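Working notes, beginning with the structure itself.
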Amino acid sequence: MSASTIEITFFGRGGQGAVTAAQIIAQAAIRRGLFASSFPEYGAERRGAPVRAYVRLSREPVLAREPIERPDISVVFDTRLLSVFNIPQITKSYIVINALSVDDVRKSVGKFSGRVIYVNAYEISTKHLGKPIVNTTMLGALLKVLDLVDIETVKELVLETFGKKLGKSNVDALEEAYKVAEVVVL
Amino acid sequence: MAVTKALSVREEVVKERLGLTSNYAAAYAVKSVDVDVIAAYPITPQTTIIEKLAEFVANGEIDAEYIPVESEHSALSAVIGAAAAGARVFTATSAQGLEFMHEVLYITSGLRLPVVMAVPGRALSAPISIHGDYQDIMSARDAGWVVMIASSAQEVYDSIIMAYRIAEDNRVLLPVMVSYDGFLMSHTTEPVEIYHEEYVRKFTPRNLNRPRLDPRKPITVGVIASPDWYYEIKYQVVNALKESKGVIKEVHDEFNKTFGTNYDIVERFMLDDADYVLITYGGASTGNAKEAAIRARERGLRAGVLRIRLFRPFPTDEVVNAIKDARAVAVIDRALSPGNTYEGPVFNDVVSASIVGELISRSFLLFTAYPRGRCSSTTSTIFIKCLMSTREPVSIRGRRYSWG
């Protein structure tokens, strides 16, 4: 892997939209003229089953076509996935996490050498969408630490992906998360 | 100069840059070449190609007849009928679907019909697996089709455009299969530059000047042949496929000129001074092999990658040329030929090429390896080990053969 490639893994559960979130980030990067690739880990397409979706972003063509072993950024949709995939051990720089509170983050992450970005995505997505589908909310939190892709392009793609009405409430959730996501000192 | 020229050509022909999966790229290519008849039956991981095409047809973006058939056997049979009548056709399948249309594959080439088919490769049951490998494509190897194996979504798009030119050329008149990795390409989103339709249409003019069903000039298609004629007709297919290599190269050259690309029937990566050559095909193993070659060079090991882009007819001379100065060659196969002397199908082709090129007699190592369908995250590293080690690579199910 060339040093200029940023590797992101989305850890979610079937039905939470991790695959769609990864697609949106890759599409946004491609629209900004960057190179990107995104693919999900297949084999567990069941509601509630752990799901991984990978994104590579780069200023050069992306050669690697293999699962990401050590992501620069892990986007975690559910704290209970942390131990399933050893996320604090494998993540290099940032864990972007959906949790109930700062205490919940501290308790569930434990030891981690990078930085943690916390957002209560259950609350935000339920408020805007009426149900806890957290993918677009988590994109808002991710954008706090990802400067290769800008929020306007991501919003554009969210609108295109979900259509006008549903897209608008997803954009609202994304914007709120972008505003309130915070760094947690462990 | 050449680079500047290619860039300015690109600027002219490219309409937009989209994030597409290889399956969607296939659908976009079919849209741009103006097909008449599409018949297909859904199967993972091919399904999203024909979903997209159904959408294009329903929206009026493609002016084609879309036949949702009840099986793959019928899908290929339907496009055979249409192609025999002079229509430009498309179908797509994977894995069990390709097996189910197997007998019709031979009928397509025997009837010399320019059918174009996309095949994202997938493992064959049993046990049931939906993951990508090339077992399905290798089982279609001897059916008399031109087989191209792409390694990126852009290349899938470009190859399908080229495929119509190749298939419909009067010197070829054979079906063309454009294959690529199931899932690791079919479902991976990556940048694809889509061309203005006028350039694609100009590149792929219809050839109606071929034997076809026409009530004004009746002919019979699909007759029985006595053994002497059977042999004659089948041998014409053998010759046509052999001769098609020249046409395929011509089409590549013209495509490169028109669209500012740089395709060849093989891809050479860091090969000019390479002592160690990895030979492979498809997206995942080629991308990972390139990464491995870069890492090996960082450690002072002169490694390179040869990618087989045209699988049938096999690029024998190009392979010989690429490996003639190598100390060791590893073939990363993505399929098996059980019971064969060497189990890797492309490994066998490379051995044959080595005999033709008189490379076998001197000190020369050949490895073969079969990485599991999904290509684990350590595959690249194993490739390097495979290159450097004279021992049998332990992490890959494979074998080492050496001569001299």
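Not measured: the values here are computed from a predicted model. Chain letters run A, B, ... following the sequence lines, proteins first, then strands; residues in each count from 1.
Remark: Arg17(B) CZ to Arg31(A) CZ distance equals 11.5 Å, nearest 0.5 Å. The CD atom of Gln23(A) sits 8.5 Å away from atom OG1 of Thr188(B), with the distance rounded to the nearest 0.5 Å. With values rounded to the nearest 0.5 angstrom, Ile24(A) atom CD1 is found 11.0 Å from Thr189(B) atom OG1.
You'll find the side chain of Phe39(A) reaches within 4.5 Å of the side chain of Leu184(B), heavy atoms only. Annotation: side chain of Ile30(A) is not in contact with side chain of Leu20(B) (no heavy-atom distance under 4.5 Å).
Judged purely by atom type and a 3.5 angstrom limit, Glu190(B) has no side-chain atom pairing as donor or acceptor with the backbone of Ser37(A).
More than 12 heavy atoms of other residues, nucleotides or ligands lie within 6.0 Å of CZ in Arg297(B), so this atom counts as buried by the packing criterion. In the displayed structure, Arg115(A) atom CZ is contacted under 6.0 Å by at most 12 heavy atoms of other residues, nucleotides or ligands. Other residues, nucleotides and ligands contribute at most 12 non-hydrogen atoms within 6.0 Å of the CZ atom of Arg59(A). When the shell of 6.0 Å around CD of Glu123(A) is examined, it contains 12 or fewer heavy atoms from other residues, nucleotides or ligands.
For the residue pair Gly19(B) and Gln27(A), the shortest heavy atom distance occurs at O-NE2, 3.0 Å. Nearest heavy-atom pair, Pro191(B) versus Ala36(A), reported as atom, atom and distance to 0.1 Å: CD-O, 3.3 Å.
A cation-pi arrangement is absent between Arg65(A) and Phe183(B), since the terminal nitrogen or guanidinium carbon is not both under 6.0 Å from the aromatic centre and inside a 45° cone about the axis.
Both the backbone and the side chain of Ser152(B) come within contact range of chain A, with heavy atoms under 4.5 Å apart. Heavy-atom distances place the side chain of Ile294(B), and not its backbone, under 4.5 Å from chain A.
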